[in-house]
Each structure stands twice: as structure tokens, then as C-alpha cells.
Student: 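My questions will all concern the structure given below.
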Amino acid sequence: MLASPHLHVDGTWVAPVDGGTREIRNPADGTVIAKVDEAGSVDVARAVAAARRAFDAGLWSTRPKEERAGLLVRVAELLGAHRNDVARIETLDTGKTLRESYIDIDDVIAVFRYYADLVARETDRLIDTGNPAVISRVVHEPAGVCALIAPWNYPLLQMSWKIAPALAAGATTVVKPSEVTPLSTIALTRLIERAGVPAGVVNLVQGDGAVVGAALTGASDVDLISFTGGASTGVAIARQAAEHVTRVALELGGKNPHIVFADADHDSAVDAVLTGVFLHSGQVCSAGTRLIVHESIADDFVAELARRAAGIRVGPGMDPSSQTGPLVSEEHRAKVEGYVALGIAEGAELVAGGRHPNDPRLASGSYYLPTIFDRCRRDMRIVQEETFGPILTVERFATEAEAIALGNDTSYGLAAGVRTGDPDRGERVVRALRHGTVWLNDFGPYTPAAEWGGFGRSGTGRELGPSGLAEYQESKHIWHNTTPAVGGWFSAGPTTPER
Ligand code: TXE
């Protein structure tokens, strides 16, 4: 599918020195779709050294911002020209529907264009010190060598949220996609190369987290790590980074509440709850996996959700009639099944799904039916832990204060949704929720211009928006005295009485 070799170091596609190869499977049917070269620790060291050399030589960091912006625009144009190929790759690799892959690519194009525009408009910050002889300004400089590590649920999108601002800032990078879904990142690296990025600015290594990821995040020449993935991996990376006082930005998922008040518009609320949790079979960090619904409407609301969930067409992502695809792998499906068994054991009431589809045509893929648990309690693990699968839990509330308390009762804090017909209540509740994104009468959309990231265990730092660029920059204060004169601190006579 994508010709080997698959490692990109110092502007050249190279075979691994001490790595191996991995079979990449299509989760829709288990077939092998590619054999990908994987790095060993020597390959990682070479990639980091190439990024270091490129950075220290100023190959990219010293280029005018207009030139950096121009490269990002060319990447956006190339992605547009190769939209069909890249969408196909993403669907075969992740299992998501082709329609979703097209949406991802269009979002990625928008992100490259956004950062091109943002960096082109960036100016120094002038500070009035009160001294007319001094020009004081804060300038932005690239953070240095950046290790960019992405997960498998939105491989192209999550990586682009990192690569686009890193390149805009003038940083150099070593990129590591998930070993489960490396293909679209290989394609993107080829397009960035074609767009004319200097050698050594974007280096690509493949491989598993324990070997390749850890070698990358432990490298002393890495100045910044940007990671999206599981919470326990994020903790391990932060610990490792502390050794070299490396900057770290973490996006670690969520357990996201969707609060529905009795005065919400019923049909759009049902629709939003279904889409919020079952899109991409729940493999979304901001999925609305916790329905918190007013007790007066809960029975009807849940019955309607269960009826609609049973009608969702699960199938191969390449089949246009599929509404959602398989889980990313057999291993991941086993984890999701474990959570369903746990929910039953904890006493939640299974009202939809809870099993593989019966359709024999889906038997060789890692499919799982949209699943709903009613009568859940906040102390259940199924309510507190990120299952990353198509599982909705339902809790009921009586008062607004209770809804807020439930919505904040999570160690995560990535995203939340609120549905109400009362604007005053809406404003009160969205302000009270401790989450990085809160949707009022909507669920899921984002814009490249607005920050994305989490409170609590959902991570540190922000992607997208101006903060997403600042993540890859250092601030430098330049104090310029235009009329230097003798200060006189030591040359004048004593200013205080002798002791
Ligand atoms: O993630 P990992 P996994 C959640 C979700 C899922 C769980 C585990 O709940 O079930 O995380 O998924 C690399 N040093 N999310 O196992 O292991 C790894 O190779 C450096 C939430 O896939 O965190 C991959 O490139 N790197 C999430 C990336 O980290 C390491 C999206 C993510 O892998 C490493 C996906 C190490 N020690 C899963 N170990 C979200 N926030 O959107 C692994 N990696």
C-alpha cells in the first residue's frame, strides 16, 4: 500500500538498523493490509540526532514565518489533492467509516491552514517599561526538538494537531504514530516532504510504545514531548520526562458527561446522545459516555435510546451503508467486552447491545454492538473508567446541583455536554462544569481556532487555537537599552550610612 522503507530520517526513507516489521491488519475483516518497518533504539537515536542537527543548524527555525506558513499551505493543498487516497488508507487502517475519514481529512486541512494563517499574523509583544530609552519585547522562538506521539483512534488528525503548530513554530520533530495505525502518518510525511520541508525537520519512526516510544521520550536531546493516548502511558511519560526536565503536553482522554434536563428538546437530545457516544464506536476521547438525565424523563428517554441504538448499522467502514465501523483490534474488543462483563457484575441494567453482531458477514472483524447500561451509580467502575468503546452508562438526577455534582464527579475533565431549553440554566451549568470543552445543546464539534484539552487527569496543556502554537514555542524577553549610560550603582559614593 505504501512502499517501504517506512522510516524517515534526515530527509531520507530508510530501512531500520535494529528494528523489524509489523503486520498491519484491517479491523473490518482481520486481513493483513501492510507490512510496516519498525524502528529499534538505534533508529530512534538517529532520528533524534537528525532533528537536533536540523534545529541547531537553524534550517527551519530561522526561516521567515511567511515561508513556514507557505509550507503549511502547500501541505494543505497536497492533502486536498490526495484526499481520496488518504481517506481510504485511514479507513482500512482504523476501521472508521469512509465518511468519517473524509471529515478527518477536511479537519486536518483546516488545521494546517489555520496555523499557516496564525503564524503569518504573529507579532512580537511590545512592553512599555516606563523608560523611553528601552525597547522591551517578548518574541516567540521554537521549542526545539519535539517528540510527537499519537494514538490509533484519530491517527492523522491527532498527529496533525501536533505537526502543524510545531512546523509553524519552527520546531523540528520526531513523529511516532501508534503501531496499530501507522499508515496515514506515513502518507502525511510523504506529502510534507513533497511540500518542501528541509531534511531533518520531520523524522518518522514506527514501533511499539515500550521500545520505540520510550526510547524517544527518554532521549536527552528532546526538548518537548507532545503525547495523546492512555492515562497510564501519560503518567509514565511524565515521570520519564522529569529526568531531563523535558517539557510535556499530555492529552489523556476522558469520561465525559452528557447532562439532559427535562426541558431539553427531546428529539435533538436523543440524537445528540447517540451520536456523542456511538460515533466511531465510542473510540473518541471526548465521547459522551455518561448520560446524566433528569429522573422525570429518564424512562422514556432511555427506552428511545435503546430502540435507536439497536437500529445503528454496524459494518465495514468501506461499505457506504455502515453507520459505524469495527473496534480497532481484537485486543481492544476484548478490553471493551471486559468492561461490559464488569458493568453486569456491578449491577448495571443492560438495555441494549452487550455482544458481537450476529451477522455472519461481520464474523471476522472486531465489531461490537452499541451498548447501553441503565441504573448506573457514580461509584461503579463502568461509570468512572474510560472504556473507549460503544458503551453508554445512564445515571439519573433530581436537581440542577445534583446534575453538576455528577458531571464533575470524574478524575478526568476533557469534555461535557448540557441540554436544556433554559438559557440561564445552561449558562450556570456550563460554567460550573470542570471540563476543557463544554457543549451547550450540541455535542462533538470543534474548531481549529479554539483550544482543546483537559482539566484533571485528562492532561496538561492545550492543543489547537493560539495556545496550541504556544505549546511549541519558548518566550524570550529582549530588553534593549538604546542609550546605554553608566548606571552608577558601584561608582557613586555610599548611599546608606556606614554600619
Ligand atoms: O494507548 P497508549 P493504547 C485510551 C483508551 C485505550 C487506552 C490504551 O482508553 O483503551 O488509552 O490505548 C505510545 N512511551 N486512549 O494502548 O499505549 C504508543 O505506541 C512512549 C485514549 O493504544 O497510551 C502510541 O503511539 N510512548 C486516547 C501512543 O503512545 C508510548 C486515544 C498511545 O498508546 C509508551 C487512544 C511509552 N512508554 C487510547 N507506551 C485519547 N486520549 O484520545 C505507549 N506509547
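Counting starts at 1 for both ligands and their atoms, in listed order.
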Student: Please determine if Thr387 has a nitrogen or oxygen closer than 3.5 Å to a nitrogen or oxygen of ligand 1.
Tutor: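 The answer is no, given that Thr387 and ligand 1 share no N or O pair closer than 3.5 Å.
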Student: Less than 3.5 Å between some nitrogen or oxygen of Asp208 and one of ligand 1, yes or no?
Tutor: no
Student: I want to know if ligand 1 touches Gly209 in the polar sense, i.e. an N/O pair below 3.5 angstrom.
Tutor: yes
Student: Answer yes if a protein heavy atom lies under 4.0 Å from atom 16 (O) of ligand 1, otherwise answer no.
Tutor: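 Looking at atom 16 (O) of ligand 1, one finds that no protein heavy atom lies closer than 4.0 Å.
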Student: Judged by atom type as modelled, is there a donor-acceptor pair below 3.5 Å linking the side chain of Lys35 to the main-chain atoms of Ile24?
Tutor: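 No; judged by distance alone, with no hydrogens or angles, the pair does not exist.
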Student: For atom 11 (O) of ligand 1, is the nearest protein heavy atom under 4.0 Å away?
Tutor: yes
Student: Can Gln283 be said to touch ligand 1, with heavy atoms closer than 4.0 Å?
Tutor: no
Student: Can you list the atoms of ligand 1 that are under 4.0 Å from a heavy atom of Asn153?
Tutor: 31 (C), 42 (O)
Student: Does any pair with a residue in residues 226-254 pass salt bridge (Lys or Arg N to Asp or Glu O under 4.0 Å), and if so which ones, sequence neighbours excluded?
Tutor: Arg247-Glu474
Student: Would Lys96 pass as a cation-pi partner of Tyr154, given that its NZ or CZ must be under 6.0 Å from the six-membered ring centre and within 45 degrees of the axis?
Tutor: yes
Student: If you count the atoms of ligand 1 from 1 in the order shown, which ones are under 4.0 Å from a heavy atom of Phe227?
Tutor: 23 (O), 28 (C), 29 (O), 32 (C)
Student: So, are Glu330 and Arg333 salt-bridged, with charged N and O less than 4.0 Å apart?
Tutor: yes
Student: Just say parallel, tilted or perpendicular for the rings of Phe388 and His332, cut-offs at 30° and 60°.
Tutor: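 Phe388 and His332: perpendicular rings.
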Student: Using distance alone, determine whether Gln240 and ligand 1 share an N or O pair under 3.5 Å.
Tutor: no
Student: Who's closest to atom 6 (C) of ligand 1 heavy-atom-wise, of Lys335, Glu385, Met159?
Tutor: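 Nearest option to atom 6 (C) of ligand 1, by heavy atoms: Lys335.
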Student: Out of Lys255, Glu331, Glu386, who gets a non-hydrogen atom closest to atom 9 (O) of ligand 1?
Tutor: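 Checking each option, the heavy atom nearest atom 9 (O) of ligand 1 is found in Glu386.
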Student: Out of curiosity, Leu183 CG to Asp93 CG, how far, rounded to the nearest 0.5 Å?
Tutor: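 Taking CG in Leu183 and CG in Asp93, the distance rounds to 4.0 Å.
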Student: Is Trp152 close to ligand 1, meaning an N/O of one under 3.5 Å from an N/O of the other?
Tutor: yes
Student: Which residues satisfy the side chain to side chain donor-acceptor pair (under 3.5 Å) test with Glu395, sequence neighbours excluded?
Tutor: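 Side chain to side chain donor-acceptor pair (under 3.5 Å) check on Glu395 returns Arg290.
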Student: What is the minimum heavy-atom distance between Gly254 and Glu386, and which atoms define it?
Tutor: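 Looking at all heavy atoms of both residues, the shortest contact is N-OE2, 3.1 Å.
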Student: Determine whether a donor-acceptor pair (N or O, by modelled atom type, separation under 3.5 Å) exists between the side chain of Glu471 and the backbone of Arg462.
Tutor: yes
Student: Return the option from Pro151, Ala287, Ala150 holding the heavy atom at the smallest distance from atom 24 (C) of ligand 1.
Tutor: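 It is Ala150 that holds the nearest heavy atom.
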Student: Taking both backbone and side-chain atoms of Gly253, is any N or O found less than 3.5 Å from an N or O belonging to ligand 1?
Tutor: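 It does: an N or O of Gly253 is found under 3.5 Å from an N or O of ligand 1.
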Student: Any carboxylate oxygen within less than 4.0 angstrom of a Lys/Arg side-chain nitrogen, looking at Arg22 and Asp37?
Tutor: no
Student: Give the numbers and elements of all ligand 1 atoms closer than 4.0 Å to a heavy atom of Ile237.
Tutor: 14 (N), 20 (C), 26 (N)
Student: Any nitrogen or oxygen of Ile149, main chain or side chain, under 3.5 Å from a nitrogen or oxygen of ligand 1?
Tutor: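 No: no nitrogen or oxygen of Ile149 is under 3.5 Å from one in ligand 1.
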Student: Quick check: Gly229 and ligand 1, any N/O pair under 3.5 Å apart?
Tutor: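 Such a contact does occur with ligand 1.
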